[in-house]
Amino acid sequence: MSDAHARRVQAQFGASAAAYVASTGHAGGDDLERLLAWVRACRPGRALDVATGGGHTALALAGVAREVVAFDLTEPMLRAAREFIRSRGSTNVAFVLGDVEALPFRDGAFDAVTCRIAAHHFANVAAALRQAHRVLRPGGSFLIQDILGHDDPAANAFITEVERRRDPSHVRAYRASEWKAFLRAAGLTVIDEGVVRKVRPWEEWTGRTRMTLEAREALEAFVRQAPERCRAAFDFELAGDRIAAFTDRMILLRADRD
Amino acid sequence: MIDDELKAILVCPACKGDLLFEETRIICPACRKAYPIRDGIPVMLINEATAWSPGR
């Protein structure tokens with residue numbers, strides 16, 4: 001990815017590493033369970049977790065795969081993930097810093113590659129998927145979870161603006177049809193798919209990225225002034241002049257290398 | 001310390017070629033670049049690599 005975008009991501013997550021380790025939304029839930037069920041089905045010897053963030057997915061993989069590589073672009077994030085995973089007693093996870101668009105692994109090195117709640121930060125999803133395909137063995141599984149783009153363009157523009165104000169490294173979320181086109185183009189065939197809802201408690205969600213009070217108030221005003229149908233599309237819960245929560249839909253896809 | 005399992009699958013992020021592993025850095029002889037190992041973590045970022053030449 002471009003140096004400018006890489007620096008945006010590194011600045012964003014380097015400053016908030018501990019908050020991502022502590023994040024309940026990343027730690028688990030129906031979404032992680034669904035992804036893990038797919039992982040168990042493919043019985044990976046070696047698995048790669050791309051953009052591991054706080055390391056929750058890599059830790060879960062460590063219980064299923066013989067060997068796991070946790071991979072991230074941001075050094076403080078990866079160190080925090082290592083500390084977290086080691087504190088849980090897992091010893092079969094290695095840590096590598098790098099760029100998803102230039103994976104430093106041999107062709108066919110992995111039986112499974114996961115990428116959870118991260119692709120909306122990628123500057124070039126197509127390039128990232130080509131790399132995932134390259135490092136998978138033939139028949140290996142790519143397991144992706146990410147925020148689902150909304151079919152209503154106005155709602156999609158609204159939530160993208162909310163996300164970018166909260167986190168400047170947010171690029172965009174993709175619709176199911178876009179994901180399938182990306183995967184197909186990369187030589188990955190969709191085997192299974194699902195959608196889960198993820199409630200975002202507003203205090204935690206805005207707090208995690210260390211927004212200033214002014215930026216947060218401006219964001220809340222933006223949300224309140226948005227068309228009702230845009231808020232309704234994400235089940236924004238308003239309590240008086242506070243925002244309590246909203247709900248994302250997350251897409252999960254299992255796509256195998258041809 | 002990079003374990004043998006990891007050494008077996010790591011390649012240069014730029015050229016995907018074989019690497020030479022040293023105590024504090026990882027060398028791609030083809031690209032003539034050295035990638036740092038910081039606090040035990042291989043930093044396989046192309047823009048963090050430094051120039052390397054044989055015999056040094």
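This is a predicted model, so every value here is computed, not measured. Residue numbers begin at 1 in each chain, while the letters A, B, ... track the order of the sequences. Any value given below was found using the heavy atoms of this structure, including those in side chains, with hydrogens, waters and symmetry copies removed.
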(request) Pick one of side chain, backbone, both or neither for B:Ala14, based on which atoms fall under 4.5 Å of a heavy atom in chain A. (result)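 For B:Ala14, neither part sits under 4.5 Å from chain A.
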
(message) With a 4.5 angstrom heavy-atom cut-off, is it the side chain or the backbone of B:Ile46 that approaches chain A, or both, or neither?
(response)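 For B:Ile46, the side chain is the part near chain A, not the backbone.
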
(message) For the backbone of B:Val11 and the side chain of A:Arg106, can you confirm whether one donor and one acceptor N or O come within less than 3.5 Å of each other?
(response)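 Looks like no, no N/O pair under 3.5 Å.
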
For the student: nearest non-hydrogen atoms of [X] and [Y], plus distance:
X	Y	value
B:Lys16	A:Leu103	NZ-O, 3.0 Å
A:Ala102	B:Pro13	O-CB, 3.2 Å
B:Ile41	A:Leu97	CG2-N, 3.9 Å

(request) Starting at CD of B:Glu5, measure out to CG of A:Asn92 and round the result to the nearest 0.5 Å. (result)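 Output value for this atom pair is 10.0 Å.
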
(request) To the nearest 0.5 Å, tell me how far B:Ile9 CD1 sits from A:Glu67 CD. (result)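 Output value for this atom pair is 5.5 Å.
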
Counting only heavy atoms not in [X] (residues, nucleotides, ligands), do more than 12 fall under 6.0 Å from its [atom1]?
X	atom1	result
B:Arg38	CZ	yes
A:Arg66	CZ	yes
A:Arg43	CZ	no
A:Glu204	CD	yes

Relative to chain B, which segment of [X] carries a heavy atom at a distance below 4.5 Å: side chain, backbone, both, or neither?
X	answer
A:Phe110	side chain
A:Val96	both
A:Glu75	side chain

(request) Return the option, out of B:Asn47, B:Asp39, B:Val43, with the maximum number of heavy-atom pairs under 4.5 Å with chain A. (result)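 Top option by heavy-atom pairs under 4.5 Å: B:Asp39.
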
